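On a predicted model such as this, the values are computed, not experimentally measured, just so you know. Chain letters run A, B, ... following the sequence lines, proteins first, then strands; residues in each count from 1. Because only heavy atoms are used, hydrogens play no part in the values below, and waters and symmetry mates are left out as well, while side chains stay in.
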Amino acid sequence: MKSAPFDYARPESLAEACAMLAADEDARAIAGGQSLIPMMAMRLARPTKLVDIYRLPELHGIGSDEDSVTIGAATRQVEAEHSPTVHGLLPLLAKALPWVGHPPTRNRGTVGGSLANADPAAEIPLVAVALGAKIDVTNLNGVTTYDADDFFIGPMLTALAPGDCLSAVRFPRWRRACVGSAFHEVSARRSDFAFVAAAAQVALDPEGRIAGAALGIGGLGDRPVHVDTTALGGERPQQLLIGEVVRAGTHEIEAMSDLQASASYRQRVAVGLGTRALLDACVDAVGRDAEARRRGLA
Amino acid sequence: MKVALNINGETRTADLEPRKTLLDALREDFGLVGTRAGCEHGVCGACSVLIDGAPARACLLFAVQADGYVITTIEGVAPAPGELNVVQDAFCETHGLQCGYCTPGMILTAHALLARNPHPTRHDIVQAISGNLCRCTGYGQIVEAIERAAERLRVVNAQEAAGHANEEERG
């Protein structure tokens, strides 16, 4: 469990990091290293050079504007987990983060690192796909923005090319009155890789009908998938209907099968968890709405 | 590559290959073998150290990345040679260890939890040590040890606070 030899460099700026990454196609950016270092230890990855972007100030921080919450790529997962901005404006991500690895790996692991690693079962990529986040990739030519759905190509495979550095992720904010979210996951034990995970966000109209719904499923296919929930628009939240929509949206996904969970098990769990996540998101929306009204009256 | 690391309050220097993990540097170059080498790919938690007070895997960090941090290993938690700190003491008392391999990591993780949260619930404790594997105890006595340490620290802290208050009154 020792990595193959490599060179190590710690650039002072993102531009310098991009130049280093562009100069050597076998160089890899490293931030928290919580997935890359185990891969190197098992010699599944053998970069010639590690370009350490962990301390670059331009990759740090959590900000928000009217439309989105932006998280710098090298922002640590633990910082996002405890960020009032994330809790207030992006509760779905706040619910997903405690499922990412375990506390010691979240202390070092970064938000951007999880996205760049693109594990099919990873929680942060799942939330990015569910909500339709934008992913900024910087290289010597400037910044390219990808839709999360286009960014993830397959297991541990993204749109990142040699010389690219993932620099930020922008999660859209839903500006409706009554929005709720839920995150569910099944794994062998807490903190282990998810067999299947479901991330849902729902907006209800004043009559309690679904005005918008987003659902992502991770661990089922070879990348996180966005499930089509347009059929729920204008409907009241009902378990049977939601279950049918989730089943229809997931049954054509080619499910992964491994020693831990078969493809058919994953399919069944995906329908169950996806349905539960959407229903819980509706309940959460009603609860938040009631809370907001109480505050408004007080 | 030359590195200068702040380990247990001392600056330690060495000339290391970039591929050397902090874990191997601690054990081989700095003689701090209390940090255990377990799975060496981030699963078991035996190599846990504190980086700026928060638990992290020493096997998931190259030593060349670790300059500028305050690194604490199990050797750095006892108040004096031959003495135990409150958490270590509680582990002995409740039989929170058998073979001892996971113990340094467990103790550092518990130490960090109690520094941040003086009133941990059982759930908080289980969450905090969820990244540290123990194959002997079944975890029951470990949780008990951390509960006991938390209780004692609260008493000590209350006494110290009372002491300070008295001094201020007299002053």
Side-chain angles (χ1 to χ4, degrees), chain A residues 1-10 27-56 74 76-79 81-82 97-110 113 117 187-193, chain B residues 1-3 16-25 28 37-69 71 105-106 108-110 112-113 116-117 120 123-133 139:
Chain A
M1 287 294 177
K2 312 288 178 196
S3 301
F6 57 85
D7 290 331
Y8 174 83
R10 193 186 297 162
R28 286 280 294 266
I30 185 168
Q34 302 297 287
S35 299
L36 181 56
I37 296 179
M39 303 241 288
M40 290 172 65
M42 291 184 274
R43 308 256 173 142
L44 295 170
R46 294 178 77 132
T48 49
K49 182 177 193 170
L50 287 184
V51 178
D52 190 346
I53 58 169
Y54 195 57
R55 303 190 200 196
L56 291 178
R76 294 185 301 148
Q77 291 156 5
V78 68
E79 289 170 52
E81 186 182 353
H82 296 128
L97 281 163
W99 293 92
V100 180
H102 28 59
T105 59
R106 294 200 293 277
N107 283 335
R108 291 279 308 163
T110 63
N117 188 56
S187 55
R189 39 171 199 182
R190 183 82 192 208
S191 84
D192 218 327
F193 289 102
Chain B
M1 274 184 94
K2 288 210 164 39
V3 295
L16 304 174
E17 265 192 282
R19 65 168 166 161
K20 190 158 226 175
T21 60
L22 176 62
L23 167 65
D24 288 343
E28 293 167 12
C39 70
E40 297 185 272
H41 64 290
V43 175
C44 74
C47 68
S48 299
V49 297
L50 303 184
I51 305 278
D52 290 343
R57 305 324 206 189
C59 73
L60 295 189
L61 181 66
F62 294 112
V64 293
Q65 295 175 283
D67 59 287
Y69 298 125
I71 301 165
M106 286 287 183
L108 286 167
T109 305
L113 169 71
R116 199 179 68 234
N117 178 0
H123 176 78
D124 295 336
I125 294 171
V126 170
Q127 284 296 306
I129 62 168
S130 65
N132 293 67
L133 299 186
Y139 302 99

Just so I understand: if I count every heavy-atom pair under 4.5 Å between each of L60(B), N132(B), T21(B) and chain A, which residue has the most?
L60(B)

Shortest non-hydrogen contact between I53(A) and A29(A), atoms and distance
CD1-CB, 4.2 Å

Chain B contact via R106(A) - side chain, backbone, both or neither, heavy atoms under 4.5 Å
neither

Report the option among M40(A), R189(A), Q34(A) that has the most heavy-atom pairs separated by less than 4.5 Å from atoms of chain B.
Q34(A)

Beyond-backbone contact of P18(B) with L50(A), side-chain heavy atoms, under 4.5 angstrom:
no

Would you indicate whether the side-chain heavy atoms of K2(A) and D24(B) approach each other to under 4.5 Å?
yes

What part of I129(B) lies closer than 4.5 angstrom to a heavy atom of chain A: side chain, backbone, both or neither?
neither

Side-chain touch L22(B)/I71(B), heavy atoms, less than 4.5 angstrom:
yes

Could you walk me through whether R57(B) and H41(B) pass side-chain hydrogen bond (donor to acceptor under 3.5 Å, both in side chains), step by step?
CA-CA 9 Å; R57(B) 305 324 206 189; H41(B) 64 290; over 6 Å; no

Heavy-atom proximity to chain B below 4.5 Å, by part of M39(A)
neither

The interface call for L36(A) against chain B, heavy-atom contacts under 4.5 Å, is neither

